Amino acid sequence: MGVETEYALGGITRDASIRALLEIVSREVRGMPGVTPSDRFFSNGSRLYVDAGLHPELDTPECSNPTDVVRHLRAGDRMLARAIGKLPEPLCSEPGVGLFKCNVDYSGGKTTWGSHESYMHVSPPDSFPDRLVPHLVSRVIFTGAGGFNPFCDGIEFTLSPRARHLVTAVAGSSTSERGIFHTKNESLARRGFHRLHLLCGESLCSEIANWLRVGTTALVVALIDADLYPEPLLRLSAPVGALRRFAEDPTCRATAMLDDGRKMTAVEIQRHFLGAVDEHRAHVGMPSWTGEVCDVWASTLDAIEQDPESLSTTLDWAIKLAIFKQRVSQKDIRWEDLPAWNYVIKTIVFAVQESLFKGRATVELVLGKETRPSPIPDTIDALTPYVTSHGLSWDMLRPVVDLRRELFELDFRFGQIGEGGLFEQLERTGVLTHGAPGVVNIEEAITEPPSEGRAHLRGEYIKTCAEPESHTCFWDSICDLRERRYLDLSNPFVRLPRWKPMVDKNCVGDDPLQMLFNLRRRAG
Amino acid sequence: MTTRVRKIDSEEQKPRVRPGRPETGERVAASRDKAQELLNAADEVISKALSSDSEAFLKATRQQGGE
């Protein structure tokens, strides 16, 4: 299993920044070229490349347990934090420059940055969507990054800002019409192995949230692979609607309708899967770390059920909710008034859009406080009884609008990589309780690969290779262009290095240039 | 190939951050205390982290997504 993280890169000259960032990382961490000039694998088995949209994506190496995934996620953040801190002038002085683990764009660009998960499995891919969707929908109560609905003109907290970008239950696209379940079927391994590729998750800062995210999902995948999946199937009537209901409810008491007419909370659905995994925790088909995940999974669900706010130093969304609520109250605005403010703001935005007004409609203009007349005087008059009956006042509209931008910046800053990040700074003060079992030696994970599997072989070869620049690395192979041979990593569990000549139907031909061309085509 | 040797004496072997395993029962009250600590710390941290112009910051970070 592994996780991909797309980082938002702030700053004006992003193309220059991203080139500089890659150069710094390539200089400081031993690596090997990937299949494009802006693509590199490292000695810890991970990969960094420039993704579409000109932002860096860092992929963890393939790991066999959630603890290693979290170690490598943290190591990747640390590696990039050091690099971003070394950006030369004038790049480092640009407004907003930095790397951010933020899942959505609040500037109106409707962008979302992905944090994809991969899980190896052997069962047929078509056996997964129906069985996995209820887990993916309900896990949001501990995997949500927290933030705001990016499509709302007001301030609408959500456990999962990315949920609004998921518009269907099952889909093959990753850039539009995204689905909760992604049907991409690209194994990156030899026949018999499949890769489940999920795009519904979010970049998280909390170790334990990341650990539960990949641990619980890997265990549900293991249930399917071991033919232990609990029957009958829980089938949600409307998975996208259920995800949004769960995400919009920080009390975690919202229910979703099943096809059989029952209503279940996210906690209840999660307990259904936890029960099935726990029942088989000693089964030979389940991983050795099953029991440990079950124990933390159970206590997390207990805490969510009893008092979700008790997790306000543990889970990303709960930490953010506590901070945001405090910030709102410091501005003399009541958190409970936000839905009413949202109605007011949405109505004003709609009215301005429907009017013939062209230009920037400031709060002062729409309220008639400028020398020019308001473009929507009738709307303001019609809204005034609503404003007063809800205990609001027009004088507070400007502070609410300013607060909205500030909260969005706070959400962006929460996952900023390096010392400027909110989460990072809170962690330094020691107030967070987010540690995951066994996640130690993060520094070592910057250079060392996982102890088993093909990532181990990849990393060890990159560490010891005398001429890495004469190689091209990909997930399932390393090509030695000088010796015209390739290291076959198509078996995810490979233990011993096995070099093969380039003339091989499973490789890519005997011409190194042709081979590179083919690799690039595969990578695209 | 080299065999990886873990540094068993390294400082990093010790847990770096307080464990995230949720508390239950009466210990929930303790986590309430931790929440207050968080809010006290957040005040100072936020004042350092926020820019003076959130709108400009959001514009500077605006970009196309990937995937």
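Only this structure's heavy atoms are used, side chains among them; waters, hydrogens and symmetry mates stay out. Order of the sequence lines fixes the chain letters, A, B, ..., with proteins taken first and strands second; residue numbering starts at 1 for each chain. Because the structure is a prediction, the values reported are computed rather than measured.
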Residue [X] versus chain B: region with a heavy atom under 4.5 Å:
{"X": "A:L407", "result": "neither"}
{"X": "A:R428", "result": "neither"}
{"X": "A:F414", "result": "neither"}
{"X": "A:Q330", "result": "side chain"}
{"X": "A:T429", "result": "side chain"}

key: Worked verdict on A:F100 versus B:F57 for ring pair (Phe, Tyr, Trp, His ring centres under 6.0 Å)   = CA-CA 12 Å; A:F100 304 87; B:F57 170 81; 5.7 Å; yes
query = Do A:N44 and A:E444 have side-chain N/O donor and acceptor atoms under 3.5 Å apart?
reply = no
Under 4.0 Å between a Lys/Arg side-chain N and an Asp/Glu carboxylate O for [X] and [Y]?
{"X": "A:D105", "Y": "A:K110", "result": "no"}
{"X": "A:E406", "Y": "A:K331", "result": "yes"}
{"X": "B:K34", "Y": "B:E37", "result": "no"}

Taking every heavy-atom pair that is under 4.5 Å apart, which of [options] has the most such pairs with chain B?
{"options": "A:S206, A:G420, A:G430", "answer": "A:G430"}
{"options": "A:L496, A:L9, A:D402", "answer": "A:L9"}
{"options": "A:V97, A:I323, A:L212", "answer": "A:I323"}

Toward chain A, the part of B:A35 with a non-hydrogen atom under 4.5 Å = both
query = So which heavy atom on B:A41 is nearest to which on A:V431, and how close?
reply = CB-CG1, 3.9 Å
query = For B:K48 and A:Q425, which heavy atoms make the closest approach, and how far apart are they?
reply = CD-OE1, 4.0 Å
